Protein chains: 2
Amino acid sequence: MANSLDTIFAALADPTRRAILSMLLEDDMAVTDVAEPFEMSLAAISKHLMILTRAGLIAQEKRGRVKWCKLEPDAMKNASVWMQGFGQFEPVNLDAFERFLETELDTSIE
Amino acid sequence: MANSLDTIFAALADPTRRAILSMLLEDDMAVTDVAEPFEMSLAAISKHLMILTRAGLIAQEKRGRVKWCKLEPDAMKNASVWMQGFGQFEPVNLDAFERFLETELDTSIE
DNA sequence: GGGATCGTCAACCAAATGGTTGAATGTCTA
DNA sequence: TAGACATTCAACCATTTGGTTGACGATCCC
């Protein structure tokens, strides 16, 4: 089944894929542009994007020869609901979130 | 680093481990009792518990010959904050959460 | 002490994962 | 039409993962 917790959490477990999601938070991007900051091959990034797509975390739309990737934030909702059942967390702290993004990008883009 | 998003999401990606966390939501349990509803070996469950412990999602404490496992809900907080940055989700729906638990237990305990 | 119980360790195995390279496909543009 | 560009496919490789079994170290209790 698509959007299962299995595939969503597995997709999120990889730092490269989380970095890609963070990048897409800014704007939609073409595959080549997604791949640019990473040191791995374009084919590897293509595989990562396929995994994110199968998990429902992003959507890909081909226009001409360019395939655009955009965030699909609803897919994380199931997982988020599941997680929040385990504790009452403080209201979302967006400052903390932005610090996460910075350190994540620093450590995963290499 | 312990409690990194890598290890937390990887730990959550396995249905057996999520089922274990759901069971521990009810009460602390000994390793043998955790293993009881599953069809796999005790050694396999022991490995799963080690992965959950390394991720910081549970804590294990040995009293006598029995090792007690208890939920450590704070560890999910980082991951939850990270996820919520990607969208404004509705306030937590605990009914939906309980339905998740039921279907998850049905499909992962075999 | 001796036997049952609790849990882990070690060695092993099959399958999945994350990466590579090179060829192939499709599309734009001069 | 030819070439450049965007992306994926296919084959391959090393490592990790999730499971098994059997032996082992503690601990409880008679």
Side-chain angles (χ1 to χ4, degrees), chain A residues 1-2 4-21 23-24 27-55 57-70 104 107-110, chain B residues 1-2 4-21 23-24 27-55 57-70 104 107-110:
Chain A
M1 183 202 313
S4 71
L5 294 179
D6 276 33
T7 55
I8 291 179
F9 282 131
L12 294 178
D14 185 278
T16 300
R17 290 193 288 266
R18 288 198 307 279
I20 291 173
L21 292 175
M23 291 162 59
L24 292 178
D27 208 352
D28 300 356
M29 296 177 81
V31 173
T32 305
D33 296 333
V34 169
E36 195 272 330
F38 298 95
E39 274 191 351
M40 68 189 71
S41 69
L42 188 60
I45 296 293
S46 180
K47 282 189 188 179
H48 282 304
L49 291 170
M50 190 57 54
I51 289 170
L52 289 169
T53 301
R54 279 197 272 103
L57 292 165
I58 67 171
Q60 293 181 284
E61 182 198 356
K62 198 167 177 182
R63 279 204 298 273
R65 63 183 164 179
V66 173
K67 201 164 189 178
W68 292 91
C69 308
K70 73 173 221 277
E104 277 261 299
T107 56
S108 64
I109 295 183
E110 190 52 19
Chain B
M1 184 200 314
S4 71
L5 295 179
D6 275 32
T7 54
I8 291 179
F9 283 131
L12 294 177
D14 185 277
T16 300
R17 289 193 287 265
R18 288 198 306 278
I20 291 173
L21 291 175
M23 291 162 59
L24 292 178
D27 208 352
D28 299 356
M29 296 177 80
V31 172
T32 306
D33 295 333
V34 169
E36 194 271 330
F38 299 95
E39 275 191 349
M40 68 189 69
S41 69
L42 186 60
I45 296 293
S46 180
K47 283 189 187 178
H48 281 303
L49 291 171
M50 192 55 55
I51 289 170
L52 289 169
T53 301
R54 277 198 271 105
L57 292 164
I58 68 170
Q60 293 180 285
E61 182 197 357
K62 198 167 177 183
R63 279 205 298 274
R65 63 180 165 179
V66 174
K67 200 165 191 176
W68 292 92
C69 308
K70 73 173 220 278
E104 277 260 299
T107 56
S108 63
I109 295 181
E110 187 69 4

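Quick caveat, the model's predicted, so the values are computed rather than measured. Order of the sequence lines fixes the chain letters, A, B, ..., with proteins taken first and strands second; residue numbering starts at 1 for each chain.
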How close or far is atom [atom2] of [N] from atom [atom1] of [X], stated in whole angstroms?
{"X": "A/I45", "N": "D/dA6", "atom1": "CD1", "atom2": "P", "result": "15 Å"}
{"X": "B/M29", "N": "C/dG7", "atom1": "CE", "atom2": "P", "result": "11 Å"}
{"X": "A/M50", "N": "C/dT17", "atom1": "CE", "atom2": "P", "result": "15 Å"}
{"X": "A/F9", "N": "C/dA16", "atom1": "CZ", "atom2": "C1'", "result": "20 Å"}
{"X": "A/E61", "N": "D/dA6", "atom1": "CD", "atom2": "C1'", "result": "16 Å"}
{"X": "B/D6", "N": "D/dT15", "atom1": "CG", "atom2": "P", "result": "19 Å"}
{"X": "B/L52", "N": "C/dG7", "atom1": "CG", "atom2": "P", "result": "16 Å"}

Looking at [atom1] of [X] and [atom2] of [Y], how far apart are the two atoms once the value is rounded to the nearest 0.5 Å?
{"X": "B/M23", "Y": "B/E36", "atom1": "CE", "atom2": "CD", "value": "8.0 Å"}
{"X": "A/Q60", "Y": "A/K70", "atom1": "CD", "atom2": "NZ", "value": "11.0 Å"}
{"X": "A/D33", "Y": "A/W68", "atom1": "CG", "atom2": "CH2", "value": "6.5 Å"}
{"X": "A/I20", "Y": "A/H48", "atom1": "CD1", "atom2": "NE2", "value": "6.5 Å"}

Q) Taking the side chain from B/R17 and the backbone from B/L12, do they hold a donor-acceptor pair closer than 3.5 Å? A) no
Q. Short question: side chain of B/T53, backbone of B/L49 - any donor-acceptor pair under 3.5 Å?
A. yes
Q: Spell out protein contact along nucleotides 16-29 of chain D as letters: B when the base is contacted, S when just the sugar-phosphate is, - when no protein heavy atom is under 4.0 Å; keep the 5' to 3' order.
A: --SBBB-----BS-
Q. Under 4.0 Å between a side-chain N/O of A/S46 and OP1 or OP2 of D/dT8, yes or no?
A. yes
